[in-house]
Amino acid sequence: MLTIAVSKGRIYEEALPFLEEAGITPIDDPKTCRKLILQTSRDDVQLVIIRATDVPTFVEYGAADLGIAGKDVLLEHGAESLYEPLDLKIACCRLMTAAPKDAPDISGRIRVATKYVKTAQRYFAGRGIQAEIIKLYGSMELAPLVGLADCIVDLVDTGNTLKANGLEPRDLIMNISSRLVVNKAAMKMKHQAIQSLLDQFEKTLAER
Ligand code: PRT
Ligand code: MG
């Protein structure tokens, strides 16, 4: 049995065509079904539906053999413990700093609100900027508006969320897409099954 960990939001939607091409059709739809383990049209493949940020943890511990996770999540998790053989080029966006529109650049110590604490720390340290990182779990855009932080580090796609809150994108930290990750032991123990799935995913990618 191969277990694949996926989050149920946009990654699931964009990963479906890859799964379908590999002959994997989930029996239930996670949008309407509360099951956390989804059987599929293939007897040897099941999906576990979890929070995006939990995908690397499930795969690292071997609770799932494979997973699909955003590079943002993998960077923050520290993905040395996983294989990351494939960039699926789905759920693409940019990890950026953002600040109130037209606000001057602040010199000296800044306060940054983000859920990407480690990635932000690494980024500002690398640029020699003294930053106090404030961990939030959501609604980062609010922080500069109420004086909690000078700027934020968050994902940007269309930029509409920033704009709606009077913020503007500033510096690109990294282009983000979703990656296929594989448990290291599973890669050895279930090599054939995993390799054939990898080949199929790669074929789908090449056809795009
Ligand atoms: O558990 P959680 O709610 O965090 O995740 P989820 O269950 O909703 O997971 P899912 O499947 O939606 O995947 C989240 C992953 O999608 C992220 O880890 C990214 O790799 C990827 N992704 C791609 C995005 C976006 N684009 C994106 N735009 N994740 C979030 N956003 C948010 C962003 O945080 C901001 O609030 O959308 C808003 C910005 O969008 P624009 O278009 O207004 O700029
Ligand atoms: Mg979400």
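For ligands, and for the atoms within them, numbers begin at 1 and follow the listed sequence. Only heavy atoms go into these numbers, but all of them, side chains included; no hydrogens, no water, no symmetry mates.
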Looking at [Y] and [X], is any side-chain nitrogen of the basic one under 4.0 Å from a carboxylate oxygen of the acidic one?
X	Y	result
Asp150	Arg111	no
Glu84	Arg179	yes
Asp154	Lys115	no

Should [X] be counted as touching ligand 1, given the test is an N or O pair under 3.5 Å?
X	answer
Thr158	yes
Arg51	yes
Val156	no
Tyr116	no
Gly9	yes

Taking the non-hydrogen atoms of [X], is any one of them nearer than 4.0 angstrom to ligand 1?
X	answer
Lys163	no
Lys115	yes
Ser178	no

[X], portion touching ligand 1 at heavy-atom distance under 4.0 Å:
X	result
Glu141	side chain
Leu162	neither
Asp72	side chain
Ile11	both
Met96	neither
Thr53	neither

For this session: Measure from atom 27 (C) of ligand 1 to every heavy atom in Lys8, Arg179, Arg10 and give the option owning the shortest one.
Result: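 The nearest heavy atom belongs to Arg10.
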